[in-house]
Colleague: 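Sharing a structure with you now.
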There are 2 protein chains.
Amino acid sequence: MREKLSENTEEKILEAAKEIFVREGKSGARMQEIADKAGINKSLLHYYYRSKEKLFYTVFKFVFSKFAHKIINLFDADKDIFEVIEQFIDNYIDLIRKNPFIPMFIINEINRKETSFVTEVIRETGINIDTYFEFIQRNIDLGKIKAVDPKQLIINILSLCIFPIISRPIVQIILYDDNKNAYDKFLDQRKKEVNEIIFTMIKPN
Amino acid sequence: MREKLSENTEEKILEAAKEIFVREGKSGARMQEIADKAGINKSLLHYYYRSKEKLFYTVFKFVFSKFAHKIINLFDADKDIFEVIEQFIDNYIDLIRKNPFIPMFIINEINRKETSFVTEVIRETGINIDTYFEFIQRNIDLGKIKAVDPKQLIINILSLCIFPIISRPIVQIILYDDNKNAYDKFLDQRKKEVNEIIFTMIKPN
DNA sequence: CGTAAATTTGACCATTCGGTTAAACTATTT
DNA sequence: AAATAGTTTAACCGAATGGTCAAATTTACG
């Protein structure tokens, strides 16, 4: 049995597939377009990933895993919760701003799949929400924050960070007459805004 | 010139197209599927709406207009702002819960279109954000609420209401082990949660 | 080098899909 | 009833698309 000669090609395919799938969605993506972007023949796609379905699954798992871990891992630390949240909001808004299509991509495709697919992906990527719950509970026990519902809290943070970016194409037009710079400023201000909201809601009386 | 005999068929097509487009997206939707759902021949689709593009445009405008007006019109009233917001949150969460695919549909398709398309739709549907701005400004002037940024405010409300529902398929699994009832309770509680957040942020000191 | 395995290509296939066309059918007007 | 305009259908078309296959090329190794 020979060694794998070009893990390079596989990389290039994945990179191209990621870009196309994320931008166009699964049904909108074309195998030919992915091949072109990877600079290879369409047959090669099927040589490495037997079908569009398989290729998509690989890409989805990769993208989802990366994003999910960026959320969960933060709360692993033993840092001050207010610092963690501030840092999270700052990093996450920037991250999504740089990859504005990814949240939509994830939500979108999960909507089209059965639960088993999602469960499988979550299991395989090994994300674990419990570290977050423990982190919050510890801080409640220590009296650092109010006894808030950790589930509502994480959804509040994610909502306030993600929604303004995924809805940007409409909101930028309606609120800012499609002025890109103005909306970028809006998003920068938003970091303070979200911070203030979350802090206000969790800080002890 | 003859009368239109069956505005019935046109209705049926629109209804079917709406359901399919919203669920499958523009590229995922099939003209044949729409025809089947409307109980007619595929050629009839092209008789009434010349192309998929035209049919989609009609559906999109219809759906977008309905949802946008539900947001804007509320703030037209001369009611107490706290009542308006409370009612809005309650209604809107229920509305989206009943039509969970619509926000994603709108955001999704707007992402794929050029600005001109969106501007056109907004112009044609005649939504006007100024009534909202005036409503907020009036309440600030009257000292009923703090001098908050109306843009941040509306985005906060929409984020907190919409995101938990569009991300439901993932979040329900991660937070509630895919227990539908549990997540429905979560969303009911959420009305209180969002209300409390918004009220806390705008009420005068 | 020679050969066998791994990689890459081009030609090709079956199916799907949006769209067209001509003919059939229905209702309305005269 | 005949003519006419509006409505519906079945058959068909060309392009696009996911996928296959056998041949060609490259690479690793004895």
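Predicted, not measured: the structure shown is a model, and the values here were computed from it. Letters go in sequence order (proteins before strands), and every chain restarts at 1.
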Colleague: Which whole-number value in Å describes the distance from B:Asn41 CG to C:dA22 P?
Modeller: 17 Å
Colleague: Within the 4.5 Å heavy-atom criterion, are B:Tyr92 and B:Ile157 side-chain neighbours or not?
Modeller: no
Colleague: Can you measure A:Leu45 atom CG to C:dT7 atom P for me and round it to whole angstrom units?
Modeller: 15 Å
Colleague: For the residue pair B:Phe186 and B:Tyr176, categorise the inter-ring angle as parallel (less than 30°), tilted (30 to 60°) or perpendicular (more than 60°).
Modeller: tilted
Colleague: What's the CD-P distance between A:Glu10 and C:dA6, to the nearest Å?
Modeller: 14 Å
Colleague: Does a side-chain heavy-atom distance below 4.5 Å link A:Pro164 with A:Val171?
Modeller: no
Colleague: For every nucleotide of nucleotides 13-19 of chain C, 5' to 3': is a protein heavy atom under 4.0 Å from its base (B), only from its sugar-phosphate (S), or from neither (-)?
Modeller: ----SBB
Colleague: Roughly, in whole Å, what's the span from CD1 in B:Ile40 to C1' in D:dA10?
Modeller: 14 Å
Colleague: Atom CG of A:Leu55 and atom C1' of D:dT17: how far apart are they, to the nearest Å?
Modeller: 15 Å
Colleague: To the nearest Å, how far apart are A:Tyr47 OH and C:dA5 P?
Modeller: 12 Å
Colleague: Using side-chain heavy atoms (C-beta onward) and a distance below 4.5 Å, is B:Val121 in contact with B:Phe117?
Modeller: yes
Colleague: What integer distance in Å separates A:Glu33:CD from D:dA16:P?
Modeller: 14 Å
Colleague: Can you tell if the side chain of B:Lys180 reaches within under 4.5 Å of the side chain of B:Arg168, non-hydrogen atoms only?
Modeller: yes
Colleague: OP1 or OP2 of D:dT8 sitting under 4.0 Å from any side-chain N/O of B:Tyr48?
Modeller: yes
Colleague: What is the distance, rounded to the nearest whole Å, between atom NZ of A:Lys12 and atom P of C:dT7?
Modeller: 14 Å
Colleague: Is a donor from one side chain sitting under 3.5 angstrom from an acceptor on the other, for B:Gln152 and B:Asn156?
Modeller: no
